[in-house]
Q: 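Below: one structure in structure tokens.
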Amino acid sequence: MFKNEPIPTFHLQNELQSEELLAVIFEYMGKITAETDLDKLLKILADLGKSLVLADRCAVWLHNSETHQLWTIVAHGIERVMIPDKSGFIGHSFSTGESIIVEDAYEDARFNEAIDRSTGYRTKSVLCIPFRNSDGVVIGAFQAINKMTVSEIFTQRDMEILTLAASYSGKSLESSILRNELIETQREMIETMGEIGESRSQETGNHVKRVARYSFELAKLAGLSDSEASLLKLASPMHDIGKVAIPDTILLKPGPLTKDEFELMKTHTTIGFNVFRHSNRPLLRTAAIISHEHHEKWDGTGYPNGLKENEIHIFGRITAIADVFDALSSDRVYKKAWSIEAIMIYLLEQRGKHFDPSLIDLFFENIDTFINIRHKYGERR
Ligand code: C2E
Ligand code: SIN
Ligand code: SIN
Ligand code: SIN
Ligand code: FE
Ligand code: FE
């Protein structure tokens with residue numbers, strides 16, 4: 001039994017003096033404010049807790065209200081550990097909102113031995129401190145394990161120090177969690193929408209990925225900032241979302257479209273634009289622009305508005321090249337894929353007609369990049 005195993009021999013330390021504590025806090029404050037990645041933030045906070053109270057281990061646990069679990073990142077790596085939110089000391093501290101100090105975990109009925117059994121680590125002393133968001137709701141807890149001083153137990157002072165760290169952490173974590181959730185929500189939404197478009201026009205997921213990557217590379221080459229290029233990459237899978245409103249008889253027609261059919265097909269641009277036009281979110285505004293303008297042409301002969309040259313948003317001019325390059329590279333219900341030579345001749349021939357000439361130049365100067373993406377995300381049918 002673990003209970004009888006010797007506890008690890010620690011490098012015993014002396015309690016920190018006040019000025020040493022301050023030094024630790026200042027060192028970490030900079031790191032915490034600079035970190036926007038939630039997983040990394042959890043590790044930084046755990047390191048802070050460990051340094052402040054001289055624990056052998058420290059973990060920051062966060063609550064997931066959908067699964068009723070508490071989760072954390074294990075010390076080395078990105079693996080998440082989850083426990084039921086009523087389990088163990090940490091669950092107790094979370095659900096009661098109380099801090100707890102335990103001298104010997106194995107003498108305490110609240111202890112959940114499962115983690116020790118799976119890690120082979122021997123827990124003795126424990127300190128748990130809940131932390132709250134700005135509405136005062138408990139959102140997680142700090143857990144320090146095994147005090148590394150001669151006494152081997154956490155003190156009232158440790159509790160006060162870690163409570164201070166927890167009140168600061170709660171606020172940084174809250175904004176990071178919100179940010180994280182927003183990004184996740186957006187990503188899910190985009191994937192769902194992309195899938196709707198795909199399943200309707202019977203194209204594979206790789207089509208969407210390739211158009212996203214071609215657009216990103218072209219945006220970077222055109223000198224757009226990282227954040228603009230990333231927005232374009234995220235939004236470009238939605239360029240054809242308006243096709244969901246086009247009847248199958250047209251969308252899946254194996255041969256050429258009649259004039260009337262093509263007129264209806266053209267409305268996929270304005271339909272997509274109308275889906276996103278009312279949003280103020282940068283991502284959806286980008287999607288609105290791309291949906292609307294990806295079939296405009298440099299010489300003014302495109303649709304729906306016959307915009308020309310720089311009247312067409314740079315996002316639209318970039319997606320036009322990415323979309324046609326990919327459409328020509330792929331089998332469609334109405335045509336076979338073209339050879340790379342035929343595609344290159346066509347793109348050059350359309351330089352300054354369909355496409356922005358300077359973007360076409362950048363495309364050809366970096367043709368290897370685009371051909372690599374095409375191979376990497378090629379079709380396996
Ligand atoms: P898509 O299949 O994603 O094609 C996007 C764009 O790639 C086309 O926009 C066009 O600029 C270019 N493209 C694709 N295939 C060819 C081709 O064989 N030759 C040339 N020169 N360009 C090509 P476009 O023409 O505005 O078409 C928009 C959408 O309308 C297409 O998206 C497709 O869904 C549909 N569509 C266009 N032509 C036909 C057709 O003949 N039959 C059917 N069933 N659908 C078509
Ligand atoms: C932890 O979950 O923070 C570590 C628990 C342990 O290894 O006993
Ligand atoms: C807890 O019981 O506090 C959670 C993990 C552990 O067993 O140390
Ligand atoms: C889509 O983006 O899933 C529609 C396919 C296309 O671009 O033609
Ligand atoms: Fe389109
Ligand atoms: Fe397309």
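Whatever order the structure lists them in is the order used to number ligands and atoms, beginning at 1. Any value given below was found using the heavy atoms of this structure, including those in side chains, with hydrogens, waters and symmetry copies removed.
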Q: What I want to find out is whether Lys50 reaches Asp47 closely enough, with some N-O distance under 4.0 Å, to be called a salt bridge.
A: no
Q: At less than 4.0 angstrom from any non-hydrogen atom of Ala327, what atoms of ligand 1 do you find?
A: 4 (O), 5 (C), 7 (O), 14 (C)
Q: Can you figure out which of His295, Gln350, Lys336 has its heavy atom closest to atom 8 (C) of ligand 1?
A: His295
Q: Taking both backbone and side-chain atoms of Tyr334, is any N or O found less than 3.5 Å from an N or O belonging to ligand 1?
A: yes
Q: Distance under 4.0 Å to a non-hydrogen atom of Tyr303: what atoms of ligand 1 satisfy this?
A: 24 (P), 26 (O), 27 (O), 28 (C)
Q: At under 4.0 Å between heavy atoms, which part of Lys266 makes contact with ligand 1: side chain, backbone, both or neither?
A: neither
Q: Can you sort out the partners of Ser225 under side chain to side chain contact (heavy atoms under 4.5 Å, CB included), two or more places apart, ordered by chain and number?
A: Ser227, Glu228
Q: Which value, rounded to the nearest 0.5 Å, describes the distance between Lys266 atom NZ and His268 atom NE2?
A: 11.5 Å
Q: Does any donor atom in the side chain of His239 or His295 lie under 3.5 Å from an acceptor atom in the other side chain?
A: no
Q: Using distance alone, determine whether Arg332 and ligand 1 share an N or O pair under 3.5 Å.
A: yes
Q: Numbering the atoms of ligand 1 from 1, which are under 4.0 Å from a heavy atom of Ile250?
A: 44 (N)
Q: Take atom CD of Glu103 as the centre, draw a 6.0 Å sphere, and report whether it contains more than 12 heavy atoms from other residues, nucleotides or ligands.
A: no
Q: Kindly confirm whether the Fe ion (ligand 6) is within less than 2.8 Å of some N/O/S atom in His294?
A: no
Q: Counting heavy atoms only, which of Leu328, Leu252, Val333, Asp326 comes nearest to atom 16 (C) of ligand 1?
A: Leu328
Q: Name of the Asp323 N, O or S atom nearest the Fe ion (ligand 6)?
A: OD1
Q: Which atom name would you report as the N, O or S atom of His239 nearest the Fe ion (ligand 6)?
A: NE2
Q: Given the side-chain rings of Phe94 and Trp61, with only the six-membered ring counted for Trp, is the space between their centroids under 6.0 Å?
A: no
Q: Would you call Lys243 a ligand 1 contact, heavy-atom distance under 4.0 Å?
A: yes
Q: If you count every heavy atom of other residues, nucleotides or ligands that lies below 6.0 Å from Lys308 atom NZ, does the total exceed 12?
A: no
Q: Just jot down the ring pair (Phe, Tyr, Trp, His ring centres under 6.0 Å) partners of His92, sequence neighbours excluded, or say none.
A: none
Q: At the 4.0 Å heavy-atom cut-off, does Gly255 count as touching ligand 1?
A: yes
Q: Minimum heavy-atom separation for Ile153 and Asp158, please, with both atom names.
A: O-OD2, 4.4 Å
Q: Could you list the atoms of ligand 1 found under 4.0 angstrom from a heavy atom of Lys335?
A: 15 (N), 16 (C), 17 (C), 18 (O)
Q: Could you check whether atom CG of Asn14 has more than 12 heavy atoms from other residues, nucleotides or ligands sitting under 6.0 Å from it?
A: no
Q: Looking at the Fe ion (ligand 5), which N/O/S atom of His268 is the nearest one?
A: NE2
Q: Can you confirm if the aromatic rings of Phe363 and Phe325 lie within a centre distance of less than 6.0 Å?
A: yes
Q: Any N/O/S of Asp240 under 2.8 Å from the Fe ion (ligand 6)?
A: yes
Q: Using distance alone, determine whether Tyr346 and ligand 1 share an N or O pair under 3.5 Å.
A: yes
